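Comments concern the structure below.
What you see is a predicted model, and the numbers here were worked out from it, not measured in a lab. Below, chain A is the first sequence line, B the second, and so on; all start at residue 1.
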Amino acid sequence: MEKLRTVRGVHDLLPNDLHNHNKVINAGLDISDKYNYCQIEIPIFEFAEVFTKPLGTSSDIVTKENYIFKDRSEDELMLRPEGTSGVVRAFLNAGLVQDVPQRFSYYGPMFRYERPQKGRLRQFKQFGIECLGLSSSMADIEVISLGNDFLCRLGLLNKINLKINSLGDFESRNNYREALVNYLNDYQSNLSTDSLNRLAINPLRILDSKNEVDQKIVKNAPNILDYLNYKSKARFDDICKGLDHLNINYTIDKNLVRGLDYYCHTAFEFTTNELGSQGTVLAGGRYDGLSKMLGGPDVPGVGWAAGIERLALIAQSKFVNKTDVVLIGQSENINYLLLPIMKKLVQKGIKTEIIYNGNLSKKFKRANKIKALYAIILGEEEISKKVIKLKDLKIGSEEFLDLNHAIEIIKINKDLE
RNA sequence: GCGGGUGUAGCUCAGUUGGUUAGAGCGCGGGUUUGUGGUACCUGAGGUCGCCGGUUCGAAGCCGGUCACUCGCCCCA
C-alpha cells in the first residue's frame, strides 16, 4: 500500500459531517417514535438469499452492485444493499406474524458497488421505516405522512416534491405489462439499447428512462392507471383522498416505477433537484409479496427508506461545538487541583475542558478558539482566599466566587445560549 | 459498467508560450503581552504539484497509464 486511504466510494465522517447525519437520524427516530414506530437493528450482512430472492434477478442491486463473499465456512453472505428484506426476515424469525401490526424504524449503513458520485457512495446510510401486517390503504397514507413530517422537520419541504403512482395488484400489473410490451414492440428500432434490454427483462422500467427518444415514445404509451382493476383503482383513489385530507402536496406520475421486484400498489418518491441526478431522497411503496418470497406466510407491508447522506447534503448546517467552561490554572503545578473541579462540573452536566498547556495568554487563546462561554481561573490568590475566579468570556467581566455559586451562574446562562 | 471534467500547503485557489529557490488568502505555531482571549502588527512552520512512466538540456504545465473526486448515463436512497 503506497498511501493510506479509504476504499473508493467509502468515506470518513468527520465531526462536522457526522453532526449533519445525526441531525437527520435523530429527526427520523423522533418523528417515527411519535407515530409509534419502534427502532430495531438488524445485521449488516446476511445470507445472500435474503436479498437475492426478494430483490429479483433483474435488479442491478443483485446482479452487479452487490458485495457478496464466502466466509470461512463457505456460507454465501452479502453486505446488505437495503434494509427492507432484512427487517422482514427479522420479523418472520421472531414469530411476530402472530402479533401484527408491527411498526419498525431503523438506520445504518448499506453497501452497493456503484460508480460513486455526490450523494451516491458505496457505503452509505439509510433511515427507513416499515409497517407490517396491514393491507389497508390507511397504512400507505400513514407511511407517506410520516415521511412527509420527517422531511418537514428537517426544513426541506420547500425543496422537495412528492410523486406517487400505483402499480396495482398482480393482475393489473400483468395486464399492463402485456399492453406496454405490445405498444413498445412497434418502436424497437427507435428505443435506446438500455431500454431494448429492459423490454425483455423489466419493461416497466422503460417508463422512467431519461433518454429523450425513449421519453417521446413513452409519452404516448398506455397509462398504467387505466389498467388498474376495480379494487386497485379504488385503493389508489383512497390514498389520494387521504393525502388531500392531510394537505400533503403530491403529483401523480404514471411513469413512476420501482426498481425492485417486491413492490406492488403504491409507489412514491420524494425528490429534490438540488442533487443533480441523485434527486431521490426518500422513496418506498407497498410490498405485499415480499414475505412470501422469503419463505414466510403472506404478510402485507409498506414502508420507505431515505438516503441520510443525501438529506444531510441539502439540510446542511454548520456544526459549532461550544464549550461551557474552560479551567485555567495559573501554573502547571496547579493543574491537578482543576481535576476535582472538572469532575464536579461534569456531574452537573456542564461541558468542560481543562487547558493544560502554555502561559495564561495562550490558554485564553485556546479558550477563545473552542468558543468557551466561561473560564474558571485558579491561582495563588484564589487558593489562599478559597475561591475561584469566574470570567465571562463574552463580556470579559471577572469576579471571585465560591465554586458552587459559579456553577449556578454557569448552569443558568449556558442554557440561554 | 459507459462517456466528459478535475487533481498544486490543513482549506479555498493563483502559477503566463515548458526555464533558477512553486505563490497568495484563510487556518496553524511563536512573539509584541511573566495573572488574561477576541482586534492589530511582527514572525515561523507546512509541498514527492495525486501516483507511475515517457518526451525534453530542463516538466506543476506536454504525452501515456493509473488512482481518487466530480458531472451525465446506467441504477437507486
Q | Assigned glycosidic conformation for B:G38 [threshold 90° from 0] | A | anti

**Q.** Complement of B:G46, any strand, by Watson-Crick or G-U distances under 3.5 angstrom
**A.**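 No nucleotide pairs with B:G46.
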
**Q.** Complement of B:C11, any strand, by Watson-Crick or G-U distances under 3.5 angstrom
**A.** B:G25

Q. For RNA chain B, whose closest nucleotide is more 5', that of A:L275 or that of A:G279?
A. A:L275

Look at [X] and [N] and indicate whether a side-chain polar atom (N or O) is within less than 4.0 Å of OP1 or OP2.
X      : N     : result
A:S361 : B:G37 : yes
A:R115 : B:C73 : no
A:Q278 : B:C76 : no
A:R8   : B:C69 : yes
A:R5   : B:C69 : no
A:S277 : B:G72 : yes

So [X], base contact, sugar-phosphate only, or nothing? Heavy-atom distance under 4.0 Å.
X      : value
A:E269 : nothing
A:G284 : nothing
A:N359 : nothing
A:L121 : base
A:K389 : base
A:I377 : base
A:G128 : nothing
A:A283 : sugar-phosphate
A:G9   : sugar-phosphate
A:F124 : base
A:E382 : base
A:K210 : base
A:K394 : base
A:E82  : nothing

Do the side chains of [Y] and [X] get nearer than 4.5 Å, heavy atoms only?
X      : Y      : value
A:Y187 : A:D214 : no
A:R122 : A:Y67  : yes
A:I160 : A:V281 : yes
A:I206 : A:V218 : yes

Q. Ignoring hydrogens and angles, does a donor from either the side chain of A:K363 or the base of B:U36 sit under 3.5 Å from an acceptor on the other?
A.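 Side chain to base: no pair present.
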
Q) Can you find a donor-acceptor N/O pair under 3.5 angstrom joining the side chain of A:R310 to the base of B:C76? A)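 Indeed, a donor on one side and an acceptor on the other fall under 3.5 Å apart.
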
Q | side chain to side chain donor-acceptor pair (under 3.5 Å) partner of A:T280, the single match among A:K163, A:R310, A:E269 | A | A:E269

(Q) Please report the distance, rounded to the nearest Å, between CG in A:D194 and C1' in B:G3. (A) 13 Å

Q) Rounded to the Å, how far apart are A:L256 CG and B:A77 P? A)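 Going from CG in A:L256 over to P in B:A77 covers 11 Å.
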
Q. Do A:I377 and A:F400 pass the side-chain contact (heavy atoms from CB on, under 4.5 Å) test, and can you show the C-alpha distance, the side-chain angles, and the key distance before you say yes or no?
A. CA-CA 9 Å; A:I377 301 138; A:F400 292 111; over 6 Å; no

**Q.** A:D169/A:R235 salt bridge by N-O under 4.0 Å criterion
**A.** no

Rounding to an integer number of angstrom, what distance separates [N] and [M] when you compare their [atom1] atoms?
N     : M     : atom1 : answer
B:A9  : B:G27 : C1'   : 11 Å
B:U16 : B:G23 : C1'   : 14 Å
B:U6  : B:G58 : C1'   : 27 Å

